[in-house]
Amino acid sequence: MRVVLIIVAIVTALYAAKVVEVSKEYQTSQKCKSCHLQIVKDWEQSWHSKSHYLKDEYFRATLEYVARKTRKSLNSVKIECATCHNPRISVTSTDLDYEVKVLMKLDKDSAVNKATQNSAISEGINCVVCHNIDKIHDDRDSSHRGMNRVSWTKSGTMVGPFSDAKSPYHKIEHRDFMDEKSDQLCFVCHANDKSVEGLVFTDMQSEYQKSDKECIDCHMGPKVSGVAATLRSVDGETKKRDVRSHTFSGAHVQKMWSEALNLNMWQKDGEIIIVLNNPQPHNIPSGFGSRELIVDVTYKKGDKDIDSKSISLTRYYKRKRAKATIPHLAVEASEDMSIPALGKKVLKVKNIADATSINVKVYYRLVNDEVRSILNLKEAIWSTKSLITSENLRLK
Ligand code: HEC
Ligand code: HEC
Ligand code: HEC
Ligand code: HEC
Ligand code: HEC
């Protein structure tokens with residue numbers, strides 16, 4: 001028993017995230033602007049730059065709700081979530097002593113408080129997250145994510161896709177996870193996550209169907225001719241490179257949803273069969289727990305709408321005693337209604353007398369009604385319906 005305990009202690013120590021301090025001249029994206037302006041501008045639009053308490057209402061509301069319901073200090077929850085959301089934070093865990101300090105209001109000058117207030121981490125997932133990863137430890141079990149799955153380069157060494165790049169401002173090293181094996185980089189965080197009760201509410205890596213495209217082909221767009229840095233060499237030239245955009249466009253960008261799914265319909269006996277096909281290599285919705293697809297069906301007689309129905313494809317979460325909750329606190333979840341990667345989902349609705357045609361519209365929503373109301377989310381983005389596709393069918 002003793003031996004086992006010691007081994008467990010050693011293993012935990014081995015896998016615990018090691019903090020490498022980032023010196024001031026590399027900490028924020030501001031320091032990169034003079035030579036990588038376009039990349040910084042692109043990244044500022046991305047939701048990687050909003051992965052912080054102060055910048056994402058949904059993230060903040062979830063953090064506060066988790067802290068309240070688990071009776072932990074807000075700082076302790078911030079540090080747990082920082083594993084993936086702010087992995088360069090300087091404190092990586094808290095203990096019971098800290099909770100006592102908070103209760104006694106003695107934590108003001110603590111290292112934990114300083115770490116969570118640090119302005120460098122308010123940039124969320126910034127340049128020195130992805131470009132300072134030295135190694136990705138895929139030998140660690142699947143629950144080690146974010147800062148617990150990587151080790152960091154020395155401050156000032158940037159890893160990148162080009163093996164012949166040189167910069168006067170920082171050292172450069174090539175890594176294949178920046179290039180031909182880039183999915184490995186995304187799976188550091190976009191893989192799985194579980195609730196405080198151990199329920200896995202997102203499992204992107206397991207559902208993923210490897211195709212000829214990598215995550216970056218779709219979420220950073222194709223390679224285009226441009227420059228990696230605007231710095232001119234001694235002969236006054238900038239170096240031409242094939243580069244991608246750093247916008248990491250995804251579910252929060254309405255236009256990205258257009259045609260993300262395909263819709264087919266036909267009439268059979270008294271029913272209308274609606275088939276949703278997902279050509280993407282991961283489920284839709286995916287990635288996070290309370291996303292929603294909405295299928296709005298309108299029955300028409302000539303030009304007139306005579307009836308309608310709305311079908312919601314989402315997941316609901318329950319705490320103990322069957323109380324509705326958010327994914328992070330769930331003990332159980334309802335059936336997964338998402339459309340599988342490279343797969344389909346078949347829905348059936350009844351035909352109604354008098355209808356001469358029906359119209360079906362498929363939408364996406366970032367947060368379903370239940371979670372929006374639990375967290376009291378105010379900003380319009382969480383309830384907005386983004387149109388994916390729409391189809392008409394003449395009825396016989
Ligand atoms: C004084 C100019 C300058 C500044 C400031 C600068 N860089 Fe660079 N960086 C360069 C040059 C030059 C290159 C090489 C470009 C090339 O070879 O096409 C480069 C290349 C890179 C690469 C690509 C490396 C590769 O192997 O593909 C990364 C990543 C990078 N920089 C990150 C950063 C980050 C992050 C910052 C801010 C903390 C930063 N840089 C600040 C000049 C700069
Ligand atoms: C989520 C991870 C991630 C973040 C955050 C990130 N990058 Fe990158 N970066 C990549 C990947 C992946 C590539 C390789 C893209 C490709 O195939 O061209 C890349 C490429 C680059 C390159 C080489 C040019 C190119 O497009 O290939 C530079 C320079 C660079 N990044 C700088 C930055 C700077 C500066 C920031 C912060 C504003 C930043 N990156 C933030 C993942 C990231
Ligand atoms: C260090 C962890 C981490 C890494 C590495 C990472 N991401 Fe992210 N990513 C996140 C988090 C956390 C968010 C959500 C931020 C928020 O919404 O506040 C996110 C958001 C996104 C989004 C926006 C999703 C949406 O719902 O709009 C896309 C797209 C994305 N990431 C793609 C990528 C790709 C592609 C890679 C690999 C090149 C990558 N990410 C690497 C943690 C990471
Ligand atoms: C063939 C293109 C393609 C590839 C490859 C791809 N995606 Fe997507 N992804 C999409 C489309 C299309 C959507 C839906 C519209 C949107 O959100 O961009 C999406 C949505 C997402 C979302 C939001 C999901 C939701 O339901 O809220 C995340 C997060 C994401 N992708 C991450 C990734 C990661 C990480 C990888 C690699 C493991 C990846 N994607 C590979 C096309 C792709
Ligand atoms: C294992 C890594 C990981 C951990 C740990 C983690 N997250 Fe996330 N989280 C992600 C990724 C990746 C995304 C982006 C997925 C997407 O957009 O579909 C995300 C997205 C979110 C979103 C959706 C944000 C938006 O703008 O739509 C919320 C809310 C969130 N996380 C809350 C939390 C909270 C609170 C914690 C701590 C209790 C936490 N997360 C811990 C990886 C993680």
Side-chain angles (χ1 to χ4, degrees), residues 3-23 26-27 48 51 76 78-95 115 120-121 123-163 170-196 198-210 214-216 219-220 248 281-282 286-288 328:
V3 180
V4 175
L5 277 181
I6 292 170
I7 291 173
V8 169
I10 292 173
V11 169
T12 317
L14 267 177
Y15 285 179
K18 279 201 190 72
V19 176
V20 173
E21 202 190 326
V22 187
S23 52
Y26 308 109
Q27 263 180 11
H48 282 146
S51 174
S76 289
K78 280 184 181 172
I79 283 175
E80 278 166 32
C81 309
T83 307
C84 299
H85 284 264
N86 297 106
R88 299 311 303 261
I89 198 163
S90 56
V91 173
T92 59
S93 65
T94 57
D95 55 15
I121 68 144
E123 283 200 338
I125 298 153
N126 70 356
C127 324
V128 289
V129 173
C130 294
H131 290 292
N132 275 4
I133 295 178
D134 183 16
K135 283 200 186 75
I136 297 175
H137 300 281
D138 281 339
D139 51 322
R140 295 183 185 171
D141 79 53
S142 67
S143 68
H144 291 82
R145 292 291 154 194
M147 61 164 80
N148 297 317
R149 203 167 189 81
V150 300
S151 32
W152 306 112
T153 58
K154 268 196 242 144
S155 179
T157 299
M158 304 297 160
V159 304
F162 306 120
S163 43
H170 49 76
K171 291 208 177 66
I172 291 179
E173 286 179 18
H174 170 77
R175 290 291 182 279
D176 59 5
F177 57 76
M178 278 286 153
D179 188 6
E180 70 265 24
K181 289 188 180 163
S182 59
D183 281 358
Q184 201 192 355
L185 170 64
C186 314
F187 283 141
V188 166
C189 305
H190 292 267
N192 52 50
D193 198 5
K194 54 180 190 298
S195 74
V196 295
L199 178 92
V200 176
F201 59 79
T202 167
D203 209 351
M204 196 173 224
Q205 190 166 13
S206 316
E207 74 197 29
Y208 199 62
Q209 300 285 334
K210 186 91 190 96
E214 302 267 296
C215 315
I216 59 172
H219 294 287
M220 294 180 84
F248 297 97
H282 49 63
S286 176
F288 193 66
H328 284 99

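What you see is a predicted model; the values in this text were computed from it and never measured. Just so you know, these numbers use all the heavy atoms, side chains as well, and skip hydrogens, waters and symmetry mates.
- Taking each heavy atom of Thr92 and Met147 in turn, the nearest pair found is CG2-SD, 3.5 Å.
- For the pair Val91/Ile79, a side-chain contact is recorded, criterion being any heavy-atom separation below 4.5 Å from C-beta on.
- Side-chain contact between Asp138 and Arg149: present, with at least one pair of heavy atoms (C-beta onward) separated by less than 4.5 Å.
- Between the SG atom in Cys186 and the CD atom in Gln184 there is a gap of 10.0 Å [rounded to 0.5 Å].
- Glu214 and Ser182 form a side-chain donor-acceptor contact under 3.5 Å, judged by distance and modelled atom types alone.
- His131 and Tyr26 have their aromatic ring centers separated by at least 6.0 angstrom.
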Begin from the C-alpha positions of Asp179 and Phe162 and carry the test side-chain contact (heavy atoms from CB on, under 4.5 Å) through to its verdict.
-> CA-CA 8 Å; Asp179 188 6; Phe162 306 120; over 6 Å; no
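- The shortest non-hydrogen separation linking Trp152 to Ile133 is CZ3-CG1, 3.7 Å.
- Counting heavy atoms from C-beta on, the side chains of Lys135 and Val150 never come closer than 4.5 Å.
- Inter-residue side-chain proximity for Ser151 and Lys18 is flagged as unmet; no heavy-atom pair is nearer than 4.5 Å.
- Residues Lys194 and Ser143 are in side-chain contact: their nearest non-hydrogen atoms beyond the backbone lie under 4.5 Å apart.
- For Asn126 (side chain) and Gln27 (main-chain N/O), a donor-acceptor pair under 3.5 Å exists by modelled atom type.
- With rounding to the nearest 0.5 Å, the separation of CE in Met158 from OG1 in Thr153 is 7.0 Å.
- Inspection of the Ser51 and His85 side chains reveals an N or O donor paired with an N or O acceptor under 3.5 Å.
- Taking 4.5 Å as the limit, every side-chain heavy atom of Cys215 sits out of range of all side-chain heavy atoms of His190.
- The shortest distance between side-chain heavy atoms of Met178 and Leu185 falls below 4.5 Å.
- Listed here is the closest heavy atom pair of Ile89 and Ala82: CG2-CB, 3.9 Å.
- Rounding to the nearest 0.5 Å places CG of Asp203 at 13.5 Å from NE2 of His282.
- At most 12 heavy atoms of other shown residues, nucleotides or ligands fall within 6.0 angstrom of atom CD in Glu21.
- The pair Glu173-Arg175 meets the salt-bridge criterion, since a charged nitrogen lies less than 4.0 angstrom from a carboxylate oxygen.
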Can you check ring-ring contact (aromatic ring centres under 6.0 Å, His included) on His219 and Phe248, steps first, answer last?
-> CA-CA 5 Å; His219 294 287; Phe248 297 97; 8.6 Å; no
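- Heavy atoms only, all atoms of each residue included: Thr94 and Ser76 are closest at OG1-OG, 2.9 Å.
- Here the CG atom belonging to Asn132 is positioned 5.0 Å from the CZ atom belonging to Arg88, to the nearest 0.5 angstrom.
- Ser163 OG to Asp176 CG: the interatomic distance, rounded to the nearest 0.5 Å, is 11.5 Å.
- With contacts defined as side-chain heavy-atom distances shorter than 4.5 Å, the pair Cys189/Arg145 does not qualify.
- Donor-acceptor pairing under 3.5 Å is lacking for the side chains of Gln205 and Asn192.
- To the nearest 0.5 Å, the span separating OG on Ser155 from NE2 on His170 amounts to 12.0 Å.
- Between Lys210 and Asp183, at least one side-chain N (NZ, or NE/NH1/NH2) sits under 4.0 Å from a carboxylate O, which counts as a salt bridge.
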